[in-house]
Number of protein chains: 2
Amino acid sequence: MATGRTHRPATRSRGIPEATVARLPLYLRALTALSERSVPTVSSEELAAAAGVNSAKLRKDFSYLGSYGTRGVGYDVEYLVYQISRELGLTQDWPVVIVGIGNLGAALANYGGFASRGFRVAALIDADPAMAGKPVAGMPVQHTDELERIITDNGVSIGVIATPAGAAQQVCDRLVALGVTSILNFAPTVLSVPEGVDVRKVDLSIELQILAFHEQRKAGEETSAGPGTAPAVSTPATPATPAAPAAGAAPAAGPAGRSGKGGPDGDVPAVMPA
Amino acid sequence: MATGRTHRPATRSRGIPEATVARLPLYLRALTALSERSVPTVSSEELAAAAGVNSAKLRKDFSYLGSYGTRGVGYDVEYLVYQISRELGLTQDWPVVIVGIGNLGAALANYGGFASRGFRVAALIDADPAMAGKPVAGMPVQHTDELERIITDNGVSIGVIATPAGAAQQVCDRLVALGVTSILNFAPTVLSVPEGVDVRKVDLSIELQILAFHEQRKAGEETSAGPGTAPAVSTPATPATPAAPAAGAAPAAGPAGRSGKGGPDGDVPAVMPA
DNA sequence: ATGTCTTTGTGAACGCGTGCACAAAGATTG
DNA sequence: CAATCTTTGTGCACGCGTTCACAAAGACAT
């Protein structure tokens with residue numbers, strides 16, 4: 001999951017709940033597949049199964065868009081594809097810039113799922129002068145200096161940040177200053193943006209960490225009996241009071257020493273207090 | 001947002017809400033940054049700002065883990081890093097396989113954020129025999145035939161799928177059969193898995209689509225007046241009854257024509273079984 | 001035209017997550 | 001030791017999202 005809506009407390013834009021908006025692309029994908037198989041209509045039950053959701057939820061979601069179904073029959077696939085596309089704004093062309101052409105940026109540039117949904121990669125930007133001119137995904141990488149010209153010339157309003165964490169905020173600020181109002185952030189940092197700018201983030205390692213949590217829980221349940229977290233580790237309830245005081249000794253031995261190392265990003269200490 | 005927990009209706013494992021679990025990695029990242037700057041303690045206010053959340057929410061989240069703060073002072077950074085790491089299961093080593101070494105798979109293999117969090121890339125797998133032996137991220141790509149040996153030898157319980165959509169379910173089934181119980185899916189498909197297997201998905205294009213929705217809404221608001229979706233388009237309320245019948249005509253004119261084209265998309269399978 | 005059968009659309013209940021606001025707890029100062 | 005100040009931990013209320021369950025609507029058969 002790419003998590004994270006930032007700002008805009010409970011945006012229920014035009015009556016369509018955020019949760020529903022987040023599912024529309026899923027329905028669209030399932031519908032597109034049906035469309036390619038020339039399936040004329042689907043029931044909410046079938047479509048829900050294809051999209052991996054509850055059928056009641058799907059019907060309620062669609063009810064926010066209007067009454068597009070026919071009782072006793074189901075939904076017309078083509079028509080629904082069009083309605084959802086329009087609702088999501090995919091009937092128009094969205095020029096996009098990708099900033100930071102490292103491994104991930106290059107992968108994004110090559111990703112077919114963008115172009116097929118109306119997202120046109122207008123430019124690939126990188127701060128490294130050595131990258132300039134290099135072709136990635138059949139398109140020359142351009143230097144950051146070109147950013148302003150590119151964005152204004154193409155009318156770009158959506159930017160993708162795939163830079164290292166350290167550069168992300170700076171890039172973000174520049175994009176926003178140039179009029180970009182939607183940002184998809186792959187850098188592991190919290191971006192601060194002014195009111196009116198939407199940020200969504202995708203953090204690859206966060207997803208793995210969430211899986212690890214559940215994995216640990218599963219392993220713990222089958223190994224030992226109780227609901228304990230890790231087997232053979234003291235329960236988390238105990239070290240309440242001694243926490244803060246005891247911690248004073250920690251930095252000496254532990255992770256503080258690691259802070260010198262220039263790792264790829266933040267990480268977990270090898271040794272810990274208490 | 002990489003969204004998407006599948007299965008497990010309302011998993012509140014061991015009393016820690018899912019929403020809280022999803023935020024722990026964020027806190028951890030912020031705390032690690034503080035740790036590297038040798039900051040000894042933080043208040044909930046400061047940490048919340050660094051993690052991009054509400055301070056009340058943060059305190060409540062931490063309260064599920066136990067009472068790790070000191071009133072009037074704040075939280076001990078090192079200690080909290082340890083507690084969260086342990087809770088997430090990051091104090092142990094998680095061998096991971098990445099299946100599908102295309103652009104994205106290669107980017108994932110090179111991503112530093114995994115290794116630094118206790119995730120060890122045990123192997124890179126690809127179905128293409130031509131890829132076998134090629135070094136990616138300083139590690140030879142191995143053929144799918146090796147999958148069983150690799151997984152059992154390394155005790156892999158987490159798999160990352162970065163294959164084209166068409167191959168994802170098949171790969172998933174094989175992983176599950178070999179004992180993998182957590183899957184991070186980058187392929188744009190809904191994976192069906194048996195009870196007890198966790199799937200999280202990251203769909204790059206979904207995030208962009210959600211941004212496009214909001215972007216369209218923003219544009220619509222400033223251009224025309226009303227809360228209408230796209231300017232100069234009939235409101236969605238009208239075509240209620242004629243929806244299904246009229247839909248037959250829709251594909252001709254509208255974007256429905258798009259369905260025919262077999263895009264460069266890695267996305268929807270061109271053909272698929274019923 | 002009438003009745004039956006299928007499937008939508010939605011009212012209502014429930015549960016989770018969020019945020020407020022404050023009491024309790026400890027540090028700190030005089 | 002008492003008073004004050006800071007910050008945590010949480011009870012409570014509210015709103016969003018999910019799910020159930022059913023009436024309304026239309027297709028289809030007779």
Side-chain angles (χ1 to χ4, degrees), chain A residues 3-13 15-24 27 40-49 51-76 79-80 83 237 240-245 248, chain B residues 3-13 15-24 27 40-49 51-76 79-80 83 236-237 240-247:
Chain A
T3 327
R5 174 171 103 254
T6 317
H7 275 273
R8 199 179 312 271
T11 312
R12 173 174 289 206
S13 358
I16 301 183
E18 262 304 302
T20 296
V21 172
R23 279 188 295 267
L24 290 183
Y27 302 144
T41 59
V42 261
S43 68
S44 63
E45 203 71 47
E46 292 168 319
L47 185 54
V53 302
N54 183 299
S55 72
K57 194 185 296 186
L58 178 141
R59 286 199 301 276
K60 178 142 290 191
D61 283 343
F62 285 177
S63 77
Y64 292 116
L65 308 183
S67 286
Y68 293 152
T70 306
R71 302 184 187 216
V73 176
Y75 299 90
D76 181 89
Y79 188 68
L80 205 45
Q83 289 300 342
T241 348
Chain B
T3 326
R5 166 173 112 252
T6 316
H7 276 275
R8 197 178 314 271
T11 313
R12 173 173 288 205
S13 359
I16 301 183
E18 262 302 302
T20 295
V21 173
R23 279 188 294 267
L24 290 182
Y27 302 144
T41 58
V42 262
S43 67
S44 63
E45 203 71 47
E46 294 168 317
L47 184 55
V53 301
N54 184 300
S55 71
K57 194 185 296 185
L58 178 141
R59 286 199 299 275
K60 182 147 291 192
D61 282 342
F62 285 177
S63 78
Y64 291 115
L65 308 183
S67 286
Y68 293 153
T70 307
R71 303 186 185 212
V73 177
Y75 298 91
D76 181 88
Y79 187 68
L80 205 46
Q83 289 299 340
T241 348

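Chain identifiers are assigned alphabetically (A, B, ...) following the order of the sequence lines, protein sequences preceding nucleic acid strands; residue numbering begins at 1 within each chain.
For B:E45 and D:dT8, the CD to P distance is 8 Å, given to the nearest whole Å. In this structure, NZ of A:K57 is placed 17 Å from P of C:dT8, rounded to the nearest angstrom. As a whole-Å value, the separation of A:E18 CD from D:dT18 P is 12 Å. Rounded to whole Å, the distance from OH on A:Y27 to P on C:dT8 is 13 Å. C:dT8 atom P lies 13 Å from atom CG of A:D76, rounded to whole Å.
Using a 4.5 Å heavy-atom cutoff, the side chains of A:E46 and A:Y75 are not in contact. Considering only heavy atoms from C-beta on, B:I16 comes within 4.5 Å of B:L65 through its side chain. In this structure, the side chains of A:V53 and A:R23 come closer than 4.5 Å at one or more pairs of heavy atoms. Contact check for A:R59 versus A:S55: side-chain heavy atoms found under the 4.5 Å cut-off.
The nearest heavy atom of DNA chain D to A:D61 and to A:V73 marks one nucleotide each, and the one closer to the 5' end goes with A:D61.
Side-chain proximity of A:N54 to C:dT8, D:dC20, D:dG17: nearest is D:dC20. When distances are taken from the side chain of B:A19 to each of C:dT18, D:dG17, C:dA27, the shortest belongs to C:dT18.
Put simply, A:S44 has no side-chain N or O that comes within less than 4.0 Å of OP1 or OP2 on C:dT7.
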Close N or O pairs between protein and nucleotides 9-13 of chain D (under 3.5 Å):
{"residue": "D:dG9", "atom": "OP1", "partner": "B:G69", "partner atom": "N", "Å": "3.1"}
{"residue": "D:dG9", "atom": "OP2", "partner": "B:Y75", "partner atom": "OH", "Å": "2.6"}
{"residue": "D:dG9", "atom": "O4'", "partner": "B:R71", "partner atom": "NH2", "Å": "2.9"}
{"residue": "D:dG9", "atom": "N7", "partner": "B:R59", "partner atom": "NE", "Å": "2.9"}
{"residue": "D:dG9", "atom": "O6", "partner": "B:R59", "partner atom": "NH2", "Å": "3.2"}
{"residue": "D:dG11", "atom": "O6", "partner": "B:K60", "partner atom": "NZ", "Å": "3.2"}
{"residue": "D:dC12", "atom": "N4", "partner": "B:K60", "partner atom": "NZ", "Å": "3.2"}

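With ring centers used as reference points, B:Y79 lies under 6.0 Å from B:Y68.
The distance from atom CZ of B:F62 to atom CG of B:L80, rounded to the nearest 0.5 Å, is 4.5 Å.
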